[in-house]
Amino acid sequence: MLRSGALRLCAPGVLRGPRRSAAPPTRESRPPPRSFASEVIRVDLSLPNPSWSKDMRLLFDQFMKKTEDGSWKRLPSYKYVSPQRTEVKTFFPDGKPVKEDHMPQAQLFPRSLEEGLGFEYAMFHNHVENRTVCIFQGGPYLQGASGFLHGGAIATMMDSTLGVCALTAGGVAMTANLNINFRRPIPLCSVVVINSQLDKVEGRKLFVSCNVQSVDGKTLHSKATSLFVKLNPKEV
Amino acid sequence: MLRSGALRLCAPGVLRGPRRSAAPPTRESRPPPRSFASEVIRVDLSLPNPSWSKDMRLLFDQFMKKTEDGSWKRLPSYKYVSPQRTEVKTFFPDGKPVKEDHMPQAQLFPRSLEEGLGFEYAMFHNHVENRTVCIFQGGPYLQGASGFLHGGAIATMMDSTLGVCALTAGGVAMTANLNINFRRPIPLCSVVVINSQLDKVEGRKLFVSCNVQSVDGKTLHSKATSKKMPLCLFSLV
């Protein structure tokens, strides 16, 4: 389905523009996902696609360079969540998830909008410094005030980034508190960098914080602190 | 486009199920939106549609009854945002919104997913008590942990509800702070009630808070406090 303003690749193997030597991996080289519900569809979406702006691609390349010495790692990201029902159900026995056969296959929220229209992002993790960086381009379907990103959209990306930071540090965890200070609104379709780090661990509590900056680092858009609680008691 | 599990009305005027007398307004009675970019498309989405569960419809009816004496009012909700560019640009001269001709027409975030898959909600406001209530059903595309709503999805609805509460009290304002405590995760496709109220006004700062409860009121899912600032004060934070 073609939409004005958002380039889409319709056929596998079709390349647009010149290819640089040792070009970074892109989504174009993979076959398009098929839609059999019984198959596990594992397309890594944290890779460049035609909707990514120049700023987004540049940042991605910068971070891919950092992965070369092994200190940084690019984290894959998929539309479908691996079932972790046992863990969540153990802690919330009365929270009954709706059976999957009653609804369309559930999708990870930040990956549920079509390419270029919603959340375009990629995350990189540094295991030595316990830092996770997310480069994020918010599309036109994330609007709040006219021409700017919705507060909930940026909250979603902050929660996701903080969550990954907590996950890589302490295993499966859920958000207990999220405290965001918004400073300057983010223009729709611009690119921002979300820098998160693990501040402290107290038993099962993981304290993580992050800030959201413009690409040139000159504008601080927002800051957040959060508390995540580990779900698996074995890891305490 | 038909999707398994989510009923969709494809033709205007097609009714499903029995119609009660004096039935509340529904989206079925309106013609489907046309997609000419130059037209202003004003379809009120805060009305029942086939994806709404029984709990959602029940709650909607309860609140519609409350509107009868005039104390409560149902708030309409649209996919496309009225341009307020002058106001936002005046306070953030370096925050340049991207020109609209470079991208598909922008949509209000909580209304950008297709019917039944994302955010299904309706808001009601009581102007005497300065309270806004949002009934919200989160669809399968809002997943975080397997089978449960994403923290960001519930944050989005809380921010939206708090924003409306502030808007009706003090005019156009932006969120300066949002502090959420998550207690119990919300199962995907369940219905919750977000109760928000205006706590305090300090000069032109608006302090609003809300809680998120299950339909039967027995489970407190999360609570939040928020500070909203009118645009002219926002950049001073």
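Side chains are part of it too, since the values below use all heavy atoms of this structure and drop only hydrogens, waters and symmetry mates. Lettering follows sequence order; numbering is per chain, from 1.
The contact between B:N177 and chain A is made by backbone and side chain atoms together, counting heavy-atom distances below 4.5 Å. Heavy atoms closer than 4.5 Å to chain B are found in the side chain of A:F119, but not in its backbone.
Every residue was checked against the salt bridge (charged side-chain N to carboxylate O under 4.0 Å, His left out) condition with B:K218, not counting sequence neighbours, and none meets it. A search for ring-ring contact (aromatic ring centres under 6.0 Å, His included) contacts involving A:Y121 returns nothing, not counting sequence neighbours.
Most heavy-atom pairs under 4.5 Å with chain A, from the set B:N181, B:T225, B:L178, B:D159: that is B:L178. Top candidate by heavy-atom pairs under 4.5 Å with chain A, chosen from B:N179, B:T156, B:I154, B:L113, is B:N179.
Taking 4.5 Å as the limit, every side-chain heavy atom of A:T161 sits out of range of all side-chain heavy atoms of A:C210. Using a 4.5 Å cut-off on side-chain heavy atoms (C-beta onward), B:S226 and B:T175 make contact.
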